[in-house]
Structures are given as C-alpha cells and as structure tokens.
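Order of the sequence lines fixes the chain letters, A, B, ..., with proteins taken first and strands second; residue numbering starts at 1 for each chain.
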Amino acid sequence: MLNRRLFLKSSALIGCSAAAHPLLSSIAFASAPSENRLVVIILRGAMDGLDVFQPYGDPQLRKLRQTISLGPDKGAHDLDGFFALHPALSSLLPLWKAGELGFVPSVSTPYRDKRSHFDGQDMLEAGTGTDLDLDRQRDGWLNRLLHNMPGAQSETAYSVGTEDMRILAGDAPAKSWAPEIDLRISSQAQMLLQHVYHDDPLFREAGSEAMEIAGQGVEGNREDKEGGPTRDARALAHFAASRLNEETRIATFSLPGWDSHARQGAVLERALLRLADAILTLRKDLGGNWPKTTVLAMTEFGRTARENGSGGTDHGTGGSMLVAGGAVRGGTVLGKWPGLGESDLYAGRDLMPVADIRAYAAWAMRDLFGTSRDALETSVFPGLDMGENPRIIRG
Amino acid sequence: MVAYPELAAIRLGHGLSSQMPPPSGPDEILASVQAAGPDGETISLNQIRKMRSRLAKLKRNQKKGGKDDKGASEAVKKERRRANQRAQKEALRRIARAVDDPFGFGERLVQFWADHFTIAGNNTDRRLMAAAYVNEAIRPHISGKFADMLFAAETHPGMLVYLNQDRSVGPNSRLARRKKDERTLGLNENLAREMIELHSLGVGADYTQEDVRQLAKLLTGLVYTPRRDKRFQPNRAEPGAETVLGQSYGGDGPAKLRDIRAVIGDLARHPATAQHLARKLVTHFISDEPPQPMVDRLAAVYTDSDGDLSAVNAALVEAPELETHFRSKVRQPFDFIVTSLRGLGITGEQVMALKPGQAYRWLIQPMTSMGQKWGQPDGPNGWPEAAENWATPQGLAARIDWAMRIPPKLRPDLPDPRQLLQAALGDTASEALQWAVPKAESTQEGIAIVLASADFNRR
C-alpha cells in the first residue's frame, strides 16, 4: 500500500495521470474486488415516496391528498400509466427512458410504530432487525459487506461528507473524507502530530487517515464554479465519483431535508433537485464506469398516506426506494403496489410496506459483488429472509 | 489525579483561559451559572418583527417603483444584507459569551439545553429567531425548573415555526369548521412527537402513536402571529378533552393555554423524563457510555427536587465521575473553537469586533468543515455526542487546518507554544505533547500542535 501511495504522489508530481500508467493500472487495480460500483445515498428526514412516485392511477390518492401529489395534471410526468414522477425530478426523466432509473413503491426496514427519524435511520444504517438493541449495534451493513468481500481494502469503500456515516462504521477498514477539506501540513508537523496522537487510538487512526488522504492531494470540486442550491449535493457526488473512478467500489453519502410536515411542495422540491443533481453528477463524472454503477437512494420510512392540516405529511411507515445507474433494470416499477384503500393502509394511516428494503439491497450486493446469500442473510443483514430476487440489477 | 480547578475548567467549561483563573471549587462554578442568563444585546422577537415589517415595506416600494426604481431595489438589498449580518453577529455573540464566561460552565449548559431543544434553519429569519429563542426561552431557565424551560421552549415562536405547530389546527375547531375553501386545515404531529420523543420522556419510554396524536390535538391553539405577540388562539383548538399517557386534559369549557401548561408539567414530572434528561447530561458531560450509577443519581436528584435544574447542576459539578472519566469526551467544533480562543487569550470583545468576512472565514465556516454547520443540525435531535462522530479523518483534518492557519490571523503576536501549552492544559498535558511542542519548526506550528492534540480536543 505504502509503495503505491508514494508512487501515486510521485507520478502526480511529474504530471502523469496515475490511472493511465500501465504498470500502476495493471498491478494496483487488479486487486479491486469487482468492477461494479455501488452508491448508497441515505435520504435523512423520511422522503414521501407517494409524492415522488405518485400513484395517480389509484383513485384513492385524490381522496387522501388535495394539495400535493396531483399527478400529470399538475406537471408530474407519467411513467407507466399508473405512476407519475414528481415535477422536480424532470431532469431524471431521460434516465427512466434509458432504463437507468427505477423505483420500489413500498418498502421499509423492520422498524415500526414509534416513527422516530433517529431510530429509523439508525436501523436503516445498522441493517438489523428489531431483535437487536440499536444502542449496542454500532456497525453498519456496508461495513459488514466489506468483511464478506474478498480482496477488499480500505480504499474499497468511501464515506463522503463531513458527517460520520453509521452505515459504513465498523472494524473493516474504510475511508471517509469531505470534498471541501484542504489540509496542507509540513512533514515535521505531521511527524509531531503522529507522535502526539500515538497513544489515543481514535485520534491516531483519524489523524493518520487525514494526513494520508491530504498527502494524496485528492481533488475537491474546484472546477464546478456554478453555485446554486444544489452545490453541496453535486460536490458530494463529484467527490464520490472521483474515488469510484479509482479503486473505490462502494461510496455512501447522505442528503438531508426530506421532513416535509408543512408546505411539502417547497420542501420536497428543494430536496429532489439536490438528489437529481447528485445522480446526474455521478452519471456525468463516472462516464465509462456508469454502466457498471448502481445507486440506491434509501430513506428511514415513508410518510402518512393522508395529507395533514398544513399541506404536508407526518411520519409514516412504507416508503419508496429510488434506484438508478447504468447497471440497474430501470424504466420500470420494481415491486408490488399495496393500494391506498382504508384496509390497505398500515395502522389506518401509512402506506403498507410490501417488502423489506434490506432484501433489495441484499440482492443488489449479490448481483454486483457475488456475495453469497448465506453471508447476506447471516452476516450483512443478520436474520433477513431475502426471498425471491426482485432483479433490480440488469442481468 | 487532576486538581479540581483544572478538571472543572476542562470538563465542565470551555477549558482553561490564559486570562481568567479556573474555579476554586464546586460552589464557585455553580455561582457562575448566573452569568449565563439572558442578555440585552441579543435580538429580540420584537426586533425581528420590526425588521420583518421594514423589509415588507421596502419590498412594496420596490414593487410600486417597478424595474426602473434602482433606489428601491438597492434599499431591499441593503436591508437583506443588514439582516444577514445581524444573524452572523448573533452566532458570534454566542462564541463571545462563551469565551468571556468566567469558567464556561453556564455557557456549556446553554449549549446543552439549546441542543436538547434544537431549533434549526438556514434562512436569515430562522437564524435570527433561533438567537432570540436561546436568549428568551433557554437562558432564563438553565438553573430553574425544567418544567418552565419545557414550557418556554415549546411555546416559543421559534419552536412553533420549526416544528410546524403554527400550522396545526384542530380538525373540529371553530376555524376549521368556518373555512370553506378546499384547502384542508388539520393536525400536524411534528411538535407533539418530538415533545415526547426528544424533549421529555425519550424514545425508549412507554408511549404510543395515539399519545402523540392526542397531544397534537391538545397542542392546537398554539400559534405564532408575526404581527403581534399572541401565542394562543382558542378558535384553532380542537374542542373536548384529550388523553395523554392515561391522563385527561381540558374538556371543561373552551380550550386554554392552561391545559397545555398542565400536560407539560406532567411530562416534566414523568419518571422517564428524569432518566432521559439524566442520561443525556451524563452522556454530554461525562462519557459517551454514561455510567448508570451516575445517571440514576442525577435522575433521583431531579425527581426529589421536582425537576429543579440547580439541584441537578450541583450534583453534576460534584460528581466523582468527572475525574474517573477524564477526557472520555471529544469537544464538538463550537466547543473546540471557543476553547482555542480562550487558550489563545482572545476576548469576546475582539470576537465581536471581527469584520463579517473575517468572522465567516475564521470562525463560522470552519465549524462547517469540522462537521458542525452552526445552527443547522440535520434534525431536531441536534448534534451527535459520540467521539467517533467528531474525530473522523475529515473532521480532524479540518481542526488541524484551522489550528495551522487561523490563530496567527486572530492574534498576530502569537504566544510561545510552550506558554500556550501551560495556559491551556496546565498540568494535564501528556508527556508526548510536552515532548513534541518544543520541537515544532515554527511558533505557528507549535501552536497548531497544541490545539490539534488529543489532549486539547478531549475533555
């Protein structure tokens, strides 16, 4: 590892691209466990799937919602005669048509009833069932995937952004960095800090990672001069893509801002534009690697089927998962529809989840990385029954 | 064995100061909490109202004047800029007050409770509102009754707007029945849920969705009107009684604010609330893995004193766990910056005197890079506590970067790094740090080694 890094640095110094160097690409890159790429985006705040993928063909929708989710009459894009795509995702319509965008209408984690964002997100990222105490479960399912990936190295998985992503936490080595960080430090100061951190495992590890990544001179988002409200999201995607174009195969970041209790039109539009731009940035930057890429955008739970008293929705249960990428079987609905009749709803208020969101993630990992069903059901998602393959990956 | 003054300054406050002596003992640190009360400089709700109507008036002028009226457009822009700078000034004031606080404990409590009752927002109006909220609803109560803080926080316009209570209307209220257009008026569960889940009982407690629903009905009537200071409108309230956690409220005549006061009193008195608050305090001040005996002790003090936070504070400052769990916690970015400024001998006055661009580049933006975008946590649960959330590669890189670049800008006459080491860490500096600091190649790097060290970043 050390030699490769030194080599990377020196090759950068003499101005030649590391990836183009024949020796480097044949040796260092051969160790990558797979050519496939997985990006997991956590949508914090509970995305209202019923508004993003509007089941306008279900006559109940109009009865439950009067000012939101108004279907193709109000600018949503018809997808298949039953579902329509939220107007703020217009820019993703070409992906749908190209078979690079799909969605699962109603999934959930095993989390039920208390509808707390924070427990919901913890369970989504821990990937566990309700049988384990969340406080004791500190690692995330992407980290446990690494344990089951022969040839995985610390570069294999990257968490992007200033936040510590629980989904990748755990004892399998992985990287984390934020695009805006630019650390320049003399070698003497670096040596002294290493000495100072030596007896503190947490600081020792974070410090050596920090100095290593800073030493690689990873590029931020400097060429993107355009500002605007989606800049942060684009920066995350841009950085993730820059890593995925090298040795990284799994990247994860989060996008907040989905908690639409009031004025949902405005709240959701902002969040969706950021999600759309993140996906389009990945697609553009990944270029030739996009056909090998799968993006899963997951949220902690869905929202109430009924609109509430303030043009928004409250915490619910079943929600949708967005799937994108050149590797996915898009252009189609990737799961069953539970219906919106009074008796179809969960607890008389929420969309009924039809499947466990973890089963979709598990099948994606099996199809992308060849992870065995046994490992997925016992280690990555302990206790999960994967059921039938929903085939979200093009095969 | 760490001496109490150093222990208290590092663990309960914002570190040692090169200007002010550390607390001599528990009594002195408790008495200092007084200094963290409301101030007269922070923007008030009334001032926010005035700013808002001024802006509205300027916008009307702009509309009237049309495109050619450059002066009117300029006036709107100028007013917006003024409000924006005021919002940043309020963030600076929080830093300045923490830097100047005698021992830092009072300001740490303010930060703890402001985070417990998080309100967040990224537009200027919300940021100003959050400043008023902390000054009006949190500061007056940090050593008072928790029930009073709970009531002040939940009914403050900042909270009503943040958790959408201002949009929640009883489905059978007079207002809802009168309204004839197709827009539905009805409940919004947001505040009710977080009031139980985050602010009082805690998510692990024994309550149901129906309790949330009933509380949401009980809370209807709370309102924020930008024009005047009115917090309750009976015509928005759901008629009849509501049952929350087995207790019935209201139903005798028209809905009243008093019913909300009653349920808040009961939530504050609930045994689960005592445990939840005690656990949070111990997690924040002592360890990410809070020792249960101390949690139980604080919960008992809370219960026995009927939720008197001054009694809880007293139990906290005398806790032997301060010493047994020394440096178990990692300072959050706000705390790191304040502690650095105190160590460097920067005063609150100097902080307030920074130009807007300097303040942004040197203090506000760096907190974002370190993972704590000031005033904007992702959700109402506030900032995470665990050390792992803050000592990440990217977060630590941002701290090292700050420690390298910013101190010389704030204080061109940097102290000798060995002096800073002594001033900021006293006798608690590790041997490794004492060895490393004198070996730095420059004053600037020596300062950075101290501020970026684990000793300094832990408390």
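- Among residues 444-459 of chain B, the residues having any heavy atom closer than 4.5 Å to a heavy atom of chain A are, in sequence order, B:Glu445, B:Ile449, B:Ala452, B:Ser453, B:Ala454, B:Asn457, B:Arg458.
- Between B:Arg167 and A:Arg263, the closest side-chain pair of non-hydrogen atoms falls below 4.5 Å.
- The NE2 atom of A:His117 sits 11.0 Å away from the CG atom of B:Asp378 when rounded to the nearest 0.5 Å.
- The backbone N or O of B:Lys439 lies less than 3.5 Å from a partner atom in the side chain of A:Gln188, making a donor-acceptor pair.
- In terms of non-hydrogen atom pairs under 4.5 Å with chain B, the most contact-rich of A:Asp314, A:Asp113, A:Asn308, A:Leu202 is A:Asp314.
- The two residues A:Thr162 and B:Thr368 come nearest to each other via the heavy atoms CG2-O, 3.6 Å.
- Rounded to the nearest 0.5 Å, atoms CG (A:Asp199) and CD (B:Glu431) are 9.5 Å apart.
- Of the atoms belonging to B:Trp435, it is side-chain heavy atoms, and not backbone ones, that fall under 4.5 Å from chain A.
- Donor-acceptor pairing under 3.5 Å is lacking for the side chains of A:His261 and B:Asn164.
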(request) Test side chain to side chain contact (heavy atoms under 4.5 Å, CB included) on A:Phe118 and B:Leu198 and set out the steps. (result) CA-CA 10 Å; A:Phe118 321 110; B:Leu198 296 176; 3.8 Å; yes
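- Of the two parts of A:Thr313, neither the backbone nor the side chain holds a non-hydrogen atom closer than 4.5 Å to a non-hydrogen atom of chain B.
- Side chains of B:Trp390 and A:Asp164 form no contact here, defined as non-hydrogen atoms less than 4.5 Å apart.
- A side-chain N or O of A:Ser116 and one of B:Glu197 form a donor-acceptor pair less than 3.5 Å apart.
- Partners of A:Arg62 under the side chain to side chain donor-acceptor pair (under 3.5 Å) rule, at least two apart in sequence or in another chain, do not exist in this structure.
- At a 4.5 Å heavy-atom cutoff, the contact between A:Asp200 and chain B is made by side-chain atoms alone.
- Among all heavy-atom pairs drawn from A:Ile185 and B:Ile400, the shortest one is CD1-CG2, 3.9 Å.
- Closest of all the heavy-atom pairs between A:Val196 and B:Ala432 is CG2-O, 4.2 Å.
- Proximity to chain A is limited to the side chain of B:Val330, based on heavy atoms less than 4.5 angstrom apart.
- In this structure, the portions of A:Arg115 lying under 4.5 Å from any heavy atom of chain B include both its backbone and its side chain.
- Chosen from A:Gly312, A:Ser254, A:Ala262, A:Ala169, the residue pairing most often with chain B at heavy-atom distances under 4.5 Å is A:Ala262.
- Under the rule for a side chain to side chain donor-acceptor pair (under 3.5 Å), the partners of B:Glu238 that lie at least two apart in sequence or sit in another chain are B:Asn172.
- Of the inter-residue distances, the one linking B:Leu187 atom CG with A:Thr304 atom OG1 reads 11.0 Å to the nearest 0.5 angstrom.
- Annotation: maximal heavy-atom pairing with chain A below 4.5 Å, among B:Pro171, B:Ala436, B:Gly186, B:Pro393, occurs at B:Pro393.
- For the pair B:Gln394 (side chain) and A:Gly161 (backbone), a donor-acceptor distance under 3.5 Å is present.
- Contact of B:Ala205 with chain A is made through the backbone alone, with heavy-atom distances under 4.5 Å.
- In this structure, the side chain of A:Lys114 engages the main chain of B:Val203 through a donor-acceptor pair within 3.5 Å.
- To the nearest 0.5 Å, atoms CG (A:Asp182) and CZ (B:Arg405) are separated by 8.0 Å.
- For the atom pair A:Glu205 CD and B:Thr392 OG1, the distance stands at 12.0 Å (nearest 0.5 Å).
- With respect to the salt-bridge test (charged N to carboxylate O, under 4.0 angstrom), the residues A:Arg349 and B:Glu189 qualify.
- Interface check for chain A: of the options B:Asn389, B:Val437, B:Asp401, the most heavy-atom pairs under 4.5 Å are formed by B:Asn389.
- Residues that satisfy the side chain to side chain contact (heavy atoms under 4.5 Å, CB included) test with B:Met367, not counting sequence neighbours, are B:Ile95, B:Pro333, B:Phe334, B:Ile337, B:Ile364, B:Trp374.
- Heavy atoms from other residues, nucleotides or ligands lying under 6.0 Å from NE2 of A:His198 number 12 at most.
- Contacts with chain B were tallied for A:Ser176, A:Ala210, A:Gly257, A:Ala178; A:Ser176 has the most, counting heavy-atom pairs under 4.5 Å.
- Interface remark: B:Ser168 contributes no atoms to any contact with chain A (heavy atom separation under 4.5 Å).
- Rounding to the nearest 0.5 Å gives a distance of 11.5 Å between CG of A:Leu183 and OG of B:Ser369.
- Only the side chain of B:Glu194 comes within less than 4.5 Å of a heavy atom of chain A; its backbone N, CA, C and O stay farther away.
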